[in-house]
Amino acid sequence: MEKFYLSVPYSEKDEAKSKGARWDPEKKKWYIPGGYPSIFFIKWIQELKENPHYSVFNEYYYIGENQRLCWKCGEQIKLYAICLPPGHKYLCTDMFGDYPPPVTEPDEWQFFDGCHYSYDSDGILNAWTENPSFSGVSYIADLNPQALSQIRCFSPLWSAGYSQTIQGSYYANHCPHCERLQSDFMIFSEPGGAFLPASPKNAAQIRL
């Protein structure tokens, strides 16, 4: 696997090194060595710095494929999903309820109850944790342009569409015959859906 590089300011190089980051003298960049969980380095991941609204992250992903009948025209169609392996990271700021982690100095990262977190200068909590399960990602409002380009190689109609159910737009599968949006709820949330298998037999139908 290729090295996963970090965006580490010079003033924080000692901190990055103490957490296990390695220096690449050719690229002149710090990177995460193999076997190290990237959650320890979340504050230096360039993509998350540039896109603070992202709520799910991993160093790599899969494009999953399955089939089902279009709910509108009844044709058999292929469905695609961004799938993440066990250990992918997700923003868990809302999980604490009335018992948030102890307040830290601004942008000082700590661990609390399995989460890596910090507070910004306005006192806003930023907390990430790992998901132990293989998961398809649903209700995607925005995503990495490279990932969007790759999934569209398989399904050119995989695009943002408006859902009456949630009264909002998200990237979704569309039927190639009638072009109707295929609801993420049916695909990801209903047991037996294309990317929520209810049995080993169902799971074996998903291609990566």
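A single hydrophobic cluster is seen to contain both Leu48 and Ile39, as judged by linkage of ILVMFWY side chains at heavy-atom distances under 4.5 Å, directly or through other members. Using a 4.5 Å cut-off between side-chain heavy atoms of Ile, Leu, Val, Met, Phe, Trp and Tyr, with links allowed through other members, Met95 and Leu125 fall into the same hydrophobic cluster. By the criterion of side-chain heavy atoms lying less than 4.5 angstrom apart, applied directly or through intervening Ile, Leu, Val, Met, Phe, Trp or Tyr residues, Tyr62 is not grouped with Leu84; the two fall into different hydrophobic clusters. Two different hydrophobic clusters hold Met186 and Phe195 under the rule that ILVMFWY side chains link at heavy-atom gaps under 4.5 Å. Side-chain heavy atoms closer than 4.5 Å link hydrophobic residues (I, L, V, M, F, W, Y) into clusters, and following such links, even through other members, never connects Tyr171 to Phe188.
Tested against His116, the residues Trp109, Tyr90, Trp44, Trp128 include a single ring pair (Phe, Tyr, Trp, His ring centres under 6.0 Å) partner, Trp109.
Rounding to the nearest 0.5 angstrom, the gap separating the OG atom in Ser183 from the CD atom in Gln164 is 12.0 Å. Once rounded to the nearest 0.5 Å, the distance linking CG of Leu143 with CG of Asn51 reads 10.0 Å. Note that the SG atom of Cys70 and the NE2 atom of His174 stand 10.5 Å from one another [nearest 0.5 Å]. Note: Ile42 CD1 to Thr129 OG1 = 10.0 Å, rounded to the nearest 0.5 Å. Interatomic distance, Trp23 CH2 to Lys17 NZ, rounded to the nearest 0.5 Å: 11.5 Å.
Checked against ring pair (Phe, Tyr, Trp, His ring centres under 6.0 Å), Phe57 has the following partners two or more places apart in sequence or in another chain: Phe4. Under the side-chain contact (heavy atoms from CB on, under 4.5 Å) criterion, Ala21 pairs with Leu6, Ala16, Trp30, Phe41, not counting sequence neighbours. For Tyr139, the ring pair (Phe, Tyr, Trp, His ring centres under 6.0 Å) partners at least two apart in sequence or on another chain are Tyr170. Under the side-chain contact (heavy atoms from CB on, under 4.5 Å) criterion, Thr165 pairs with Ser163, sequence neighbours left out. For Tyr5, there are no ring pair (Phe, Tyr, Trp, His ring centres under 6.0 Å) partners two or more places apart in sequence or in a different chain. Not a single side-chain contact (heavy atoms from CB on, under 4.5 Å) links Asp14 to another residue, sequence neighbours left out. Here Asn202 pairs with Pro197, Ala198, Ser199, Gln205 under the side-chain contact (heavy atoms from CB on, under 4.5 Å) rule; sequence neighbours left out.
Listed by first and then second residue, the salt bridge (charged side-chain N to carboxylate O under 4.0 Å, His left out) pairs that reach into residues 39-52 are Glu12-Lys43, Glu15-Lys43, sequence neighbours excluded. Identified under the salt bridge (charged side-chain N to carboxylate O under 4.0 Å, His left out) test for residues 110-124, with sequence neighbours left out: none.
Residues Lys89 and Asn58 have side chains in contact (heavy-atom distance under 4.5 Å, counting atoms from C-beta outward). For the pair Ser138 and Ile187, the minimum side-chain heavy-atom distance is 4.5 Å or more.
In plain terms, the two heavy atoms of Ala172 and Gln182 that are nearest each other are CB-O, 4.2 Å. Contact detail for Tyr117 and Ala127: the closest heavy-atom pair is CB-CB, 3.7 Å. Nearest heavy atom pair, residue Gly64 against residue Leu208, reads CA-CD2, 3.9 Å. Across every non-hydrogen atom of Tyr54 and Asn144, the tightest pair is OH-N, 3.3 Å.
Applying the 6.0 Å contact sphere to NZ of Lys19 captures more than 12 heavy atoms from other residues, nucleotides or ligands.
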May I have the list of side-chain donor-acceptor pairs in residues 71-83 shorter than 3.5 Å, sequence neighbours left out?
from  : atom 1 : to     : atom 2 : distance (Å)
Trp71 : NE1    : Leu181 : O      : 2.8
Gln76 : NE2    : Gln67  : OE1    : 3.2
Tyr80 : OH     : Glu65  : OE1    : 3.1

Between side-chain atoms of residues 145-162 and protein atoms elsewhere (two or more places apart, or another chain), which donor-acceptor pairs fall under 3.5 Å?
from   : atom 1 : to     : atom 2 : distance (Å)
Gln150 : OE1    : Tyr61  : OH     : 2.1
Arg152 : NE     : Trp158 : O      : 2.9
Ser159 : OG     : Leu157 : O      : 3.1
Tyr162 : OH     : Gln167 : OE1    : 3.3

Tell me which donor-acceptor pairs under 3.5 Å the side chains of residues 98-107 have, and how far apart each pair is, sequence neighbours excluded?
from   : atom 1 : to     : atom 2 : distance (Å)
Thr104 : OG1    : Glu108 : O      : 3.2

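The closest donor-acceptor contact from the side chain of Glu179 to the backbone of His177 lies at 3.5 Å or more, if one exists at all. Between the side chain of Asn131 and the main chain of Ser133, a donor-acceptor pair closer than 3.5 Å is present.
Between Phe111 and Phe40, the distance from one ring center to the other falls under 6.0 angstrom.
Figure legend: Lys3 and Tyr31 shown as a cation-pi pair, the cationic atom lying under 6.0 angstrom from the six-membered ring centre and within 45 degrees of its axis.
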